[in-house]
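Heads up, the thing below is written out as structure tokens.
All values below were derived from every heavy atom in this structure, side-chain atoms included, with hydrogens, water molecules and symmetry-related copies excluded. If you read the sequence from its start, that first residue is 1, and numbering goes on from there.
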Amino acid sequence: MTAKVSYGSVEVGTELPAQSFPVTRETLVRYAGASGDFNPIHWNEKFAVEVGLPDVIAHGMFTMAEAIRVVTDWAGDPGAVVDYGVRFTKPVVVPNDDKGALIEVSGKVAAKLEDNLVRVDLVTVCDGKKVLGMSRAVVRLA
């Protein structure tokens with residue numbers, strides 16, 4: 001596969017389609033099973049509170065993976081991402097109700113680089129709080 005977005009069609013400031021990702025306790029259990037990360041802060045409310053968290057929190061790597069989906073969906077090829085990094089700034093708290101939490105992600109092209117590469121900066125928030133900082137991806141476009 002190759003990226004479906006052409007380098008010539010984007011400029012600095014080009015906005016990617018924003019997306020929202022719901023997260024429930026069931027989502028966390030499924031992710032724990034797939035990743036092998038069974039840390040009780042991700043599924044045991046009593047334990048999470050005992051260690052100083054407000055409630056069960058989403059896995060950091062899960063949050064990071066949801067955020068990059070905005071880039072991979074836009075580019076049309078997950079393999080187009082050549083570099084990706086974030087700083088974890090706040091946890092995604094997932095209450096034990098029918099709603100859970102909502103991770104909201106937006107992004108824009110922050111720089112055009114050489115060799116059909118662009119840097120995309122992402123903004124990832126949950127409940128009005130930025131949960132990932134310095135969230136940047138370098139993407140090779142067509």
Are [X] and [Y] grouped together when hydrophobic residues (ILVMFWY) are joined by side-chain heavy atoms under 4.5 angstrom apart?
| X | Y | result |
| --- | --- | --- |
| Met64 | Met134 | no |
| Ile57 | Val105 | no |
| Val120 | Val12 | no |

Once you round to the nearest 0.5 Å, how far does [atom1] of [X] lie from [atom2] of [Y]?
| X | Y | atom1 | atom2 | value |
| --- | --- | --- | --- | --- |
| Thr89 | Lys130 | OG1 | NZ | 7.0 Å |
| Ser35 | Met61 | OG | CE | 9.5 Å |
| Cys126 | Phe21 | SG | CZ | 12.5 Å |
| Asn96 | Glu26 | CG | CD | 12.0 Å |

Exercise for the section: May I have the step-by-step check of salt bridge (Lys or Arg N to Asp or Glu O under 4.0 Å) for Asp83 and Arg140, ending in yes or no? Expected result: CA-CA 10 Å; Asp83 189 41; Arg140 184 175 317 281; over 6 Å; no

Give a yes or no on whether the backbone of [Y] and the side-chain of [X] come within a donor-acceptor separation of less than 3.5 Å.
| X | Y | answer |
| --- | --- | --- |
| Asp115 | Leu117 | no |
| His42 | Val29 | no |
| Thr124 | Ala67 | no |
| Ser9 | Val5 | no |
| Trp43 | Phe38 | yes |

Find out whether [X] and [Y] are in side-chain contact, i.e. whether some heavy atom of one side chain is under 4.5 Å from a heavy atom of the other.
| X | Y | result |
| --- | --- | --- |
| Val139 | Val82 | no |
| Val56 | Asn44 | no |
| Val23 | Leu102 | no |
| Trp74 | Val70 | no |
| Leu122 | Arg136 | no |
| Val138 | Val81 | no |
| Arg119 | Asp121 | yes |
| Val10 | Leu141 | yes |

Practice task
Could you tell me whether Asp77 and Lys4 have a side-chain N and a carboxylate O separated by less than 4.0 Å?
Solution key: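 The answer is no: the pair does not qualify as a salt bridge.
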
Problem - Aromatic ring pairing Phe62/Tyr31, orientation class (parallel under 30°, perpendicular over 60°, tilted between) - result: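 Phe62 vs Tyr31 ring planes: perpendicular.
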
Please find the pair of heavy atoms, one from [X] and one from [Y], that lie closest to each other, and give the distance.
| X | Y | result |
| --- | --- | --- |
| Thr72 | Pro78 | CG2-CA, 3.7 Å |
| Ala137 | Ile68 | CB-CD1, 3.7 Å |
| Ala3 | Ala142 | O-CB, 3.3 Å |
| Arg25 | Glu45 | NH2-OE1, 3.5 Å |

Exercise for the section: Indicate whether any N or O donor in one side chain lies under 3.5 Å from an N or O acceptor in the other, for Gln19 and Asp73. Expected result: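 Asp73 and Gln19 do have a side-chain donor-acceptor pair below 3.5 Å.
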
Practice task
Verify side chain to side chain contact (heavy atoms under 4.5 Å, CB included) between Leu53 and Val51, making sure each step is shown before the conclusion.
Solution key: CA-CA 6 Å; Leu53 295 168; Val51 298; 4.2 Å; yes

Problem - Passing candidate, side chain to side chain contact (heavy atoms under 4.5 Å, CB included) with Val131, options Val123, Val92, Val93 - result: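 So, applying the side chain to side chain contact (heavy atoms under 4.5 Å, CB included) to Val131 and each of Val123, Val92, Val93, only Val92 qualifies.
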
Handout entry: Lys112 atom NZ, neighbour heavy-atom count above 12 within 6.0 Å
Key =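 Counting neighbours around NZ of Lys112, more than 12 heavy atoms of other residues, nucleotides or ligands fall under 6.0 Å, so yes.
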
